[in-house]
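Since the structure comes first, as structure tokens, the remarks are kept for the end.
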Amino acid sequence: MLTLKIIQDNPDFVIERLKIKGYNAREIVQKIIETNNKRRDSQAKVDLLKAEMNRLSKEIGILFREGKTTEANSAREQTAVLKNEIKELDASFSEFDEQLSSLLVNLPNLPNELVPAGTTADDNLEVKRGGVIPQLSGEKLPHWELIKKYDIIDFDLGTKLTGAGFPVYKGKGAKLQRALINFFLDEGEKAGYREVLPPIVVNEASGFGTGQLPDKEGMMYHITAENFYMVPTAEVPVTNIYRDVILDEADLPVKNMAYTPCFRREAGSWGAHVRGLNRLHQFDKVEIVQIAHPEKSYEALDQMLAHVENLIIKLGLPYRILRLCGGDMSFTSALTYDFEVFSAAQERWLEVSSVSNFETYQANRLKCRYKGKDSKKPELTHTLNGSALALPRIVAAILENNQTGTGIKIPDVLVPYCGFDIIN
RNA sequence: GGAGAGGUGGGUGAGUGGCUGAAACCACCAGUUUGCUAAACUGACGUACGGGUAACUGUACCGGGGGUUCGAAUCCCCCUCUCUCCGCCA
């Protein structure tokens with residue numbers, strides 16, 4: 001969430017910036033300032049009364065010890081009124097405090113000044129394009145045909161075991177998954193990321209920390225018996241490692257990565273363009289996460305972009321990089337770049353990575369801060385994350401782009417991981 | 001799942017109703033001493049919110065929430081987590 005400070009100090013700036021996300025913040029910003037004022041006033045009052053109460057209590061203690069029971073008892077009677085007042089004021093303070101929190105939680109992050117205005121994916125800005133779109137000769141099968149032809153991924157079987165959107169990878173299909181995961185992790189390690197293998201169910205506090213809760217319950221599978229959520233991305237457990245943590249400034253940036261399966265309910269989003277591997281309820285992904293110094297976070301973002309781009313280049317896939325417009329970026333992000341690869345049989349661009357800087361927005365929820373040698377108070381860090389990479393659409397593009405009449409050619413870089421160079 | 005013991009500041013750990021935001025020790029930081037390092041000594045050493053230009057100061061926080069009391073780290077209730085034993089189990 002945004003810090004109170006920026007809202008208090010620059011309300012107009014906040015309102016202007018949020019327009020880029022298509023969000024009219026005027027009313028809520030005003031409400032936040034009002035509520036905060038009320039909260040502050042009631043705190044000032046109740047603190048005074050509590051101070052008085054503490055003073056009296058101390059006095060009573062002393063009187064009792066000195067054996068002055070009569071005085072002590074009469075002082076004790078005085079406290080009753082005070083106690084009631086405190087109770088009432090405390091209640092209204094808590095009420096303001098809760099109101100303020102829920103207002104703050106509902107305000108999206110401010111977009112960076114680079115973010116283009118716009119409302120839909122059509123307004124995203126293409127910043128780079130690379131690779132070569134293959135000219136397929138002869139048969140040109142979409143991946144959902146290819147997986148059947150070579151019997152490597154089975155949707156019907158997944159439906160039998162679980163439901164739609166939970167595919168079963170078989171034989172070389174399964175091996176290709178494992179190869180990609182290992183390839184991504186090895187590359188991440190070379191880029192300085194520490195591998196972690198986190199739980200794939202998380203508690204409510206973690207969901208809140210990264211911004212999936214309280215608003216987006218619909219995206220996550222909820223285990224009601226334990227009140228756990230299945231992770232929609234490794235971002236959730238990996239970033240939450242730093243919840244309520246004060247880091248040493250010298251340790252920044254902190255770079256972690258994790259492979260996890262990801263689970264998304266994607267309620268109501270089924271329809272055209274989501275065939276095959278294009279959209280799943282369970283998929284595999286390697287995620288990179290950085291906790292960065294505020295002054296260095298955009299450097300970190302550039303590094304992450306270069307890392308993701310490098311992965312795609314090594315896989316030999318044609319790609320483009322988009323800077324998301326205000327309307328298409330997420331609630332919590334300040335700046336997001338999407339990577340899309342071209343899938344030659346569908347003749348479509350498929351999103352395979354999303355790399356974002358959240359600045360202090362997540363850190364403020366997480367209470368992830370750093371402290372320098374000379375700094376008096378801890379400051380919020382910046383947090384960033386990106387997919388490096390999400391597997392299914394990468395697989396779709398590899399299958400479609402590398403198909404020949406006699407089989408699917410495995411990208412060179414994956415051959416040592418797969419142990420085969422063709423799926424046939 | 002059953003029984004018991006616990007959760008105190010970065011760490012170890014004292015603290016069973018008031019003088020405890022919290023002893024002591026260790027670590028960290030600043031300084032003194034020393035040719036350097038070490039040792040020794042001195043001092044500083046939590047977080048949040050409020051007031052103040054500032055020095056400073058008020059309030060809250062001893063796993064979380066509620067209660068008793070003039071007053072709670074300390075007593076009571078609920079939850080949670082950890083450890084030990086038993087059961088089950090990859």
Side-chain angles (χ1 to χ4, degrees), chain A residues 1-9 32-105 197-209 213-214 223-229 237 240-252 254 360 363-381:
Chain A
M1 57 192 171
L2 294 178
T3 57
L4 254 182
K5 189 169 163 42
I6 191 165
I7 298 170
Q8 292 268 48
D9 294 352
I32 285 171
I33 292 172
E34 268 170 33
T35 309
N36 187 44
N37 287 339
K38 285 191 206 159
R39 174 174 154 280
R40 196 184 332 114
D41 290 347
S42 73
Q43 187 187 348
K45 277 189 204 146
V46 79
D47 277 3
L48 265 168
L49 292 182
K50 280 180 178 173
E52 175 63 11
M53 189 69 157
N54 287 343
R55 197 188 59 75
L56 264 176
S57 295
K58 217 164 245 182
E59 205 173 286
I60 290 167
I62 293 166
L63 288 172
F64 269 124
R65 224 171 315 118
E66 290 172 348
K68 296 177 181 165
T69 319
T70 329
E71 285 100 321
N73 279 325
S74 78
R76 214 148 67 154
E77 280 161 30
Q78 286 180 45
T79 62
V81 181
L82 211 46
K83 211 177 167 183
N84 267 329
E85 273 182 87
I86 289 174
K87 203 169 178 182
E88 264 172 49
L89 276 170
D90 235 357
S92 70
F93 171 78
S94 310
E95 201 178 306
F96 292 139
D97 199 47
E98 276 163 34
Q99 277 175 21
L100 185 62
S101 307
S102 67
L103 286 169
L104 283 171
V105 158
L197 188 62
I200 56 172
V201 295
V202 294
N203 57 30
E204 202 174 356
S206 294
F208 180 84
L213 296 175
I223 300 169
T224 51
E226 318 287 350
N227 198 24
F228 289 155
Y229 292 87
N240 271 283
I241 293 173
Y242 301 95
R243 170 154 48 86
D244 294 318
V245 168
I246 299 177
L247 291 155
D248 194 333
E249 186 174 18
D251 292 336
L252 299 176
V254 174
T360 60
N364 193 29
R365 286 177 162 229
L366 292 160
K367 295 200 191 68
C368 174
R369 292 164 293 172
Y370 72 94
K371 207 169 176 178
K373 234 180 123 178
D374 305 314
S375 55
K376 259 190 167 169
K377 287 178 75 74
E379 302 280 347
L380 292 171
T381 62

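Because the structure is predicted, anything quoted here is derived from the model rather than measured.
Counting any heavy atom pair closer than 4.0 Å across all strands shown, A/Leu56 reaches no nucleic acid atom. In this structure, A/Asp97 reaches neither bases nor backbone, as no heavy-atom distance under 4.0 Å exists between it and the strands shown.
Closest to the A/Arg39 side chain, of the nucleotides B/G71, B/U59, B/G50, is B/G50. Listed nucleotides B/U59, B/C49, B/G71 differ in distance to A/Ala51; the shortest reach to its side chain belongs to B/U59. For A/Asn54, taking side-chain heavy atoms from C-beta onward, the closest of the listed nucleotides B/A48, B/G18, B/U59 is B/U59. Checked against B/U59, B/G50, B/C70, the side chain of A/Thr79 finds its nearest nucleotide in B/C70. When distances run from any side-chain atom of A/Ala44 to the nucleotides B/C70, B/G46, B/G50, the shortest one goes to B/G50. Of the candidates B/C70, B/G58, B/U47, B/C70 carries the atom nearest the A/Phe64 side chain, counting heavy atoms from C-beta on.
B/A5 is paired with B/U82 under the Watson-Crick or G-U wobble criterion, all donor-acceptor distances under 3.5 Å. Under the Watson-Crick and G-U wobble criteria, each requiring two contacts below 3.5 Å, nucleotide B/A30 is paired to B/U42. Partner assigned to B/A55 is none, using Watson-Crick or G-U wobble distances below 3.5 angstrom.
In this entry the distance linking CG of A/Asp41 with C1' of B/C49 reads 14 Å, nearest Å. Across the protein-nucleic acid pair, A/Leu63 atom CG and B/C19 atom P stand 15 Å apart, rounded to whole Å. Rounding to whole angstrom units, CD of residue A/Gln43 and P of B/G50 are separated by 6 Å.
A gap of 46 Å separates the P atoms of B/G58 and B/G35, to the nearest Å. Using atom C1' as the reference point in both B/C70 and B/A14, the two lie 28 Å apart (nearest Å). Rounded to a whole angstrom, the distance from the C1' atom of B/U53 to that of B/A44 is 24 Å. For the C1' atom pair drawn from B/A73 and B/G2, the interatomic distance equals 31 Å after rounding to whole Å. The C1' atoms of B/G65 and B/A60 are separated by 16 Å, rounded to the nearest whole Å.
Here the CZ-CG distance, from A/Arg40 to A/Leu4, works out to 9.5 Å after rounding to the nearest 0.5 Å.
At the phosphate of B/G46, neither OP1 nor OP2 sits under 4.0 Å from any side-chain N or O atom of A/Lys377. Contact annotation: A/Lys371 side-chain N/O to B/U47 OP1/OP2 distance is under 4.0 Å. A/Arg369 has a side-chain polar atom (N or O) that falls below the 4.0 Å cut-off from OP1 or OP2 of B/A48.
Nearest heavy-atom pair, A/Pro198 versus A/Pro237, reported as atom, atom and distance to 0.1 Å: CB-CB, 3.7 Å.
Ranked by how close their nearest RNA chain B nucleotide is to the 5' end, A/Lys87 and A/Ala75 are led by A/Lys87. Between A/Asn36 and A/Ser57, it is A/Ser57 whose nearest contact on RNA chain B lies nearer the 5' terminus.
A/Asn36 pairs with exactly one of A/Leu100, A/Leu104, A/Leu103, A/Ile7 by the side-chain contact (heavy atoms from CB on, under 4.5 Å) rule, that one being A/Leu100.
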Write out a two-atom table: protein N or O, nucleotide N or O from nucleotides 76-82 of chain B, distance below 3.5 Å.
none

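In this structure, A/Lys38 does not pair ionically with A/Glu34, as no charged nitrogen and carboxylate oxygen lie closer than 4.0 Å.
Side-chain atoms of A/Ser101 come within 3.5 Å of backbone N or O of A/Asp97 as a donor-acceptor pair.
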